[in-house]
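Every chain is numbered from 1, with letters handed out A, B, ... down the list of sequences. These numbers come from a predicted model, not from an experiment. Note that these values count all heavy atoms, side chains included, but never hydrogens, waters or copies made by symmetry.
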Number of protein chains: 2
Amino acid sequence: MAQQQAREGRLRPARRLTLAEDVYESIKTLVMDHILPPGERVNIDALARELDVSPTPVREALARLEADGLVRKRPLSGYTTTPLLSRAEFDDLFDVRLLLEGATAGRAATHATAVQRQRISAEAGASIDVEAGDGYRRHATFTTLDATFHDLIAEAAGSPLLRDSITRLHSHLHLHRLYFPPNGAPDTTIEHQRIADAIIAGDSRAAADAMRAHLTAARERHLPAFDRLRAPEAPHGSA
Amino acid sequence: MAQQQAREGRLRPARRLTLAEDVYESIKTLVMDHILPPGERVNIDALARELDVSPTPVREALARLEADGLVRKRPLSGYTTTPLLSRAEFDDLFDVRLLLEGATAGRAATHATAVQRQRISAEAGASIDVEAGDGYRRHATFTTLDATFHDLIAEAAGSPLLRDSITRLHSHLHLHRLYFPPNGAPDTTIEHQRIADAIIAGDSRAAADAMRAHLTAARERHLPAFDRLRAPEAPHGSA
DNA sequence: CAACGCAACATCCTATAGGAAATAGGTTCG
DNA sequence: CGAACCTATTTCCTATAGGATGTTGCGTTG
């Protein structure tokens, strides 16, 4: 069976070492970008055919994704992508982010190394270039940039456990509606700059405050997304 | 192939609905109880034979366990159980617990329902009976009781995300050396009572303080475990 | 016309087989 | 005596086939 070599993976980038790992990344991207719509059923065999692999590694990747909270598994009914965040879940998410990332920013101000401070500052400045782009692509680049900035701070805090928790939270954030707040990019850039400045200065209190202010503002910016579409907040809503 | 019905699962309790789920719980228990020693290699086929299932569900369970942080996967070298917590990781764990569980206790004091307060109080009182027992069994019951108490509070806080994060943290705690601190049970019971009382009273500030005091004391109690065995803290330590 | 029951279908779940890579042990050379 | 190389074994990784179960559509009946 030498077909293994002949196959050319469609959407996976030059297989790392194990197939399951690549499949995991591929499916994760599909879910993050809503190519697999939230709440939709996920057909294992179809996915395997699409990715040109056998169902086994797909199943393995799905199991990891379930632990990440991106898909759910109903015992004898298969996998489904996690539905969109409800308003309550959205609020909960930002409450926890406020707690975790606030403390993280404070720690980063005191624990970060010189090179880490430099990278954080650079990333905060890079956010300006986001203006260019068109529609969806713009949204994607902005989201990635924002995630990178926050992860850089989480890394600088010097707590692997905190960083893991925050990363997990961020993947949940992608389950939010694809909504690009008007003037969100400039405001975000300014707020990022403030956070970066406080961390550079080594001011723990100021960094934590700046981060909390940023998250509160971001939460406010994203709130209108719930009014755009009258999406099913609850399975049997009455309003 | 009717052997599926004839098989009598060795250490799984009356299969739930999917085999992979049972296998997941079984392996999780094996790791938690150090029946699979930390840092050891995990042979998929051997595990499958031991549990009387095919390697496929074992692989799936292992993938979930990896996301939980209980096992690690080296690309072409198989799975290994996560090694024991180093001193730095232990400190990190309690730092994050202090942050998360402190806030959680405070929220529980204001958000908990009447029945939740009642259950928390009952669980705090039940801790007294731990005195009975012998060696390992005593350790296991105590650990379970403590985990239940903390989870009850996390549930009462009304934040699913916070609860998930804390649960994940607790599973990491089980990677600590199996060490039963002298007089740990009575002290723990008293501290649990204080936390429960504050939550019952609805005093958010007092609940958070009591929880932080409890965790600080627990951290102190477990510290001697690092001196007992001169375990490899770092791969190439110099001290 | 609606609700219930039945049957066919699709899908998931598990088991088995075979190819490829890494690890371990022995041997040989410097 | 030590280190490097080679070989054999073990183990992992992927693919495929078959049985069990949930779901869906249609027909029938009240």
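- Here A:His172 pairs with nothing under the ring pair (Phe, Tyr, Trp, His ring centres under 6.0 Å) rule; sequence neighbours left out.
- If you measure from atom CG of A:Leu47 to atom P of D:dA15, you get 14 Å, rounded to the nearest angstrom.
- Here the side chain of A:Arg74 is nearest to one of D:dT23, D:dT14, D:dC12, namely D:dT23.
- Rounded to an integer number of Å, the gap from B:Asp52 CG to C:dT16 P is 11 Å.
- Salt-bridge check for B:Glu155 with B:Arg119: failed, with every basic side-chain N at 4.0 Å or more from each acidic carboxylate O.
- Atom CD in A:Glu66 sits about 10 Å away from atom P in C:dC13, given to the nearest Å.
- Salt bridge B:Arg64/B:Glu25: absent, no basic N to carboxylate O contact under 4.0 Å.
- Rounded to 10°, the helix from C:dC1-D:dG30 to C:dG30-D:dC1 has 20° between the axis fitted to its first five pairs and the one fitted to its last five.
- The phosphate of D:dC12 has OP1 or OP2 within less than 4.0 Å of a side-chain N or O from B:Asn43.
- In this structure, CD of A:Glu21 is placed 11 Å from P of D:dT14, rounded to the nearest angstrom.
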N/O donor-acceptor pairs under 3.5 Å from side chains in residues 35-47 of chain B, not counting sequence neighbours:
residue	atom	partner	partner atom	Å
B:Arg41	NH2	B:Ser77	O	3.0
B:Asn43	OD1	B:Asp45	N	3.0
B:Asn43	OD1	B:Ala46	N	3.1

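- For the side-chain hydrogen bond (donor to acceptor under 3.5 Å, both in side chains) condition, the pairs that include at least one residue of residues 27-38 of chain A, sequence neighbours left out, are A:Asp33-A:Tyr136.
- The separation between B:Arg49 atom CZ and C:dA15 atom P is 14 Å, rounded to whole Å.
- For B:His111, the side-chain contact (heavy atoms from CB on, under 4.5 Å) partners two or more places apart in sequence, or in a different chain, are B:Arg107.
- Contact between the side-chain N/O atoms of B:Ser54 and the OP1/OP2 oxygens of C:dT14 is not found at any separation under 4.0 Å.
- With rounding to whole Å, B:Asp22 atom CG is found 13 Å from C:dC13 atom C1'.
- The separation between B:Glu60 atom CD and C:dA15 atom P is 12 Å, rounded to whole Å.
- C:dT14 atom C1' lies 13 Å from atom CG of A:Asp45, rounded to whole Å.
- Within 4.0 Å (heavy atoms only), A:Val58 reaches no atom of the nucleic acid at all.
- Taking the nucleotide of DNA chain C with the nearest heavy atom to each of B:Arg41 and B:Pro55, the more 5' of the two is matched to B:Pro55.
- At the phosphate of D:dC12, neither OP1 nor OP2 sits under 4.0 Å from any side-chain N or O atom of B:Arg59.
- Qualifying ring pair (Phe, Tyr, Trp, His ring centres under 6.0 Å) partners for B:Phe94, counting only residues two or more places apart in sequence or in other chains: B:Phe90.
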